[in-house]
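These notes are about the structure you will find just below.
Being a predicted model, the structure only gives us computed values, none of them experimental. In what follows, chains carry the letters A, B, and so on, assigned in the order in which the sequence lines appear, proteins first and then strands, with residues in each chain numbered from 1. Atoms considered below: every heavy atom in the structure, side chains included; atoms not considered: hydrogens, waters and symmetry mates.
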Number of protein chains: 2
Amino acid sequence: MDERDYDPPRLLRTLPSWLLNRAAAAASAQVNAALAHERVRRHHFTVLLALSEGGPASQAALGRRLGIDRSDMAAVVAELERDELIARERDPHDRRRNVVTLTPAGAAALARLQQRVVAAQEALLTPLSADERAELARLLSRIVEQP
Amino acid sequence: MDERDYDPPRLLRTLPSWLLNRAAAAASAQVNAALAHERVRRHHFTVLLALSEGGPASQAALGRRLGIDRSDMAAVVAELERDELIARERDPHDRRRNVVTLTPAGAAALARLQQRVVAAQEALLTPLSADERAELARLLSRIVEQP
DNA sequence: TGCCAACGTTGGCTCCGCCAACATAACAGA
DNA sequence: TCTGTTATGTTGGCGGAGCCAACGTTGGCA
């Protein structure tokens, strides 16, 4: 895009929904670049993270925890299995479920990703002081956790 | 989704990019609901707004001002023309260009939309005080206007 | 004149969120 | 025990959004 001609209407510049959208887009660009190093996308990262933190779980349980649809989860988990970052087995106690487990390779990839993703936040938030970053996180949390 | 089981990893809850994403999704949901009353989407609204504020312009100029790709702009403008919210004519001084003009019906629709979109912000920001809303806008602006 | 750039259009791609339908499996109630 | 309901994973599809490539038309410039 020709950045020099970029000049949106005044209302948009002050509209919280517009600002959130653009900030989120900038954040996604940074994060996606970080995730691309391991050839994964956002959902793959969050699934690896959830497994690392909560231990093995079924696809449905992961989806509920992370807010990912069952159908999307099936695709994500299939790709992670193909890349051997997770292992999948039918749960012997409930043969409807797939028990998803983090492999050592998955844990290693997660460690690398985590580092890059955290670094991406830094790039995103450079204009803000530490206090301002904390304040931003606080305000966003209140919006997100709206009853 | 079963909201009661929603419980993402700790890291995500504090990750600015994650918070931005979820807040932007909530904002989009509110704004899209507002825009649905006139059967338009975000780009249609911003194009109407830009025309109202800046007067007639070519599709390419609108795209540069708003950060919308030429191909997407072609589709948006075609839909707005079909709904008679804008008029399109070849520019007699440069027959490559389409001059896009807001119609009275377009201006009226924009007025209604603007009201609903502003109201949607209110719904989104209810958890925040006036000072906090201003602070949020200030912080987001600094991120968005990053050099 | 001939070459290059801008414009609008069409078509395509990826990512994300969501929904519908289906077969399998577990379970609860009569 | 049988029957209907629910949960699970899978496949396929849709729409919004951002992005890019290619094409014909038109303008401008050397």
Which residues pass the side-chain hydrogen bond (donor to acceptor under 3.5 Å, both in side chains) test with [X], not counting sequence neighbours?
X: B:H43; result: none
X: B:E53; result: none
X: B:Q146; result: A:T126

Angle of first-five versus last-five pair axes in the helix from C:dT1-D:dA30 to C:dA30-D:dT1, to 10 degrees:
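Here the helix ends are tilted 0° relative to one another.
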Test A:I68 against A:T46 for side chain to side chain contact (heavy atoms under 4.5 Å, CB included), laying out the working first.
CA-CA 10 Å; A:I68 299 177; A:T46 62; 3.9 Å; yes
Could you measure the distance from the CG atom of A:L11 to the CD atom of B:Q114? Nearest 0.5 Å is fine.
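Output value for this atom pair is 5.0 Å.
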Could you tell me the separation between the [atom1] atom of [X] and the [atom2] atom of [N], rounded to a whole number of Å?
X: B:I68; N: D:dC20; atom1: CD1; atom2: P; answer: 15 Å
X: A:M73; N: C:dG17; atom1: CE; atom2: C1'; answer: 13 Å
X: A:E89; N: D:dT8; atom1: CD; atom2: C1'; answer: 17 Å
X: A:E79; N: C:dC16; atom1: CD; atom2: P; answer: 10 Å

Which pairs pass salt bridge (charged side-chain N to carboxylate O under 4.0 Å, His left out) with one or both residues in residues 42-51 of chain B, sequence neighbours excluded?
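Counting only pairs at least two positions apart or across chains, no salt bridge (charged side-chain N to carboxylate O under 4.0 Å, His left out) contact touches residues 42-51 of chain B.
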Could you name each residue pair satisfying salt bridge (charged side-chain N to carboxylate O under 4.0 Å, His left out) that touches residues 103-128 of chain B, not counting sequence neighbours?
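Qualifying pairs, neighbours excluded: B:E38-B:R112, B:E122-B:R133.
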Need to verify one output field. Residue with the more 5' nearest nucleotide on DNA chain D, A:V77 or A:N21?
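This one resolves to A:V77.
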Sorted by number, the residues of residues 22-55 of chain A with heavy-atom contact under 4.0 Å to DNA chain D
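Those residues: none at all.
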Contact string for nucleotides 21-30 of chain D, one letter per nucleotide 5' to 3', B = base within protein heavy-atom range under 4.0 Å, S = sugar-phosphate only, - = neither, reads -B---BS---
State which residues pass side-chain contact (heavy atoms from CB on, under 4.5 Å) with A:A74; sequence neighbours excluded, sorted by chain then number.
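Partners of A:A74 by the side-chain contact (heavy atoms from CB on, under 4.5 Å) criterion, ordered by chain and then number, come out as A:Q59.
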Partners of B:S71 by side-chain contact (heavy atoms from CB on, under 4.5 Å), sequence neighbours excluded?
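Per chain and number, B:S71 pairs via side-chain contact (heavy atoms from CB on, under 4.5 Å) with B:D69.
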Want to settle it: does A:D72 or B:N98 sit nearer the 5' end of DNA chain C, counting the closest nucleotide to each?
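The residue whose closest nucleotide sits nearer the 5' end is B:N98.
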Hydrophobic cluster (4.5 angstrom, side-chain heavy atoms) - remaining members for B:L125:
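B:L125 clusters with A:L19, A:L20, A:L124, A:L125, A:L128, A:L136, A:L139, A:L140, A:I143, B:L19, B:L20, B:L124, B:L128, B:L136, B:L139, B:L140, B:I143.
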Apart from B:V118 itself, which Ile, Leu, Val, Met, Phe, Trp or Tyr residues share its cluster (side-chain heavy atoms under 4.5 Å, direct or through members)?
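None, because no other hydrophobic side chain comes under 4.5 Å of this residue.
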Do any side-chain nitrogens or oxygens of A:Q59 fall under 4.0 Å of OP1 or OP2 in D:dT10?
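A:Q59 to D:dT10 OP1/OP2: side-chain N or O found under 4.0 Å.
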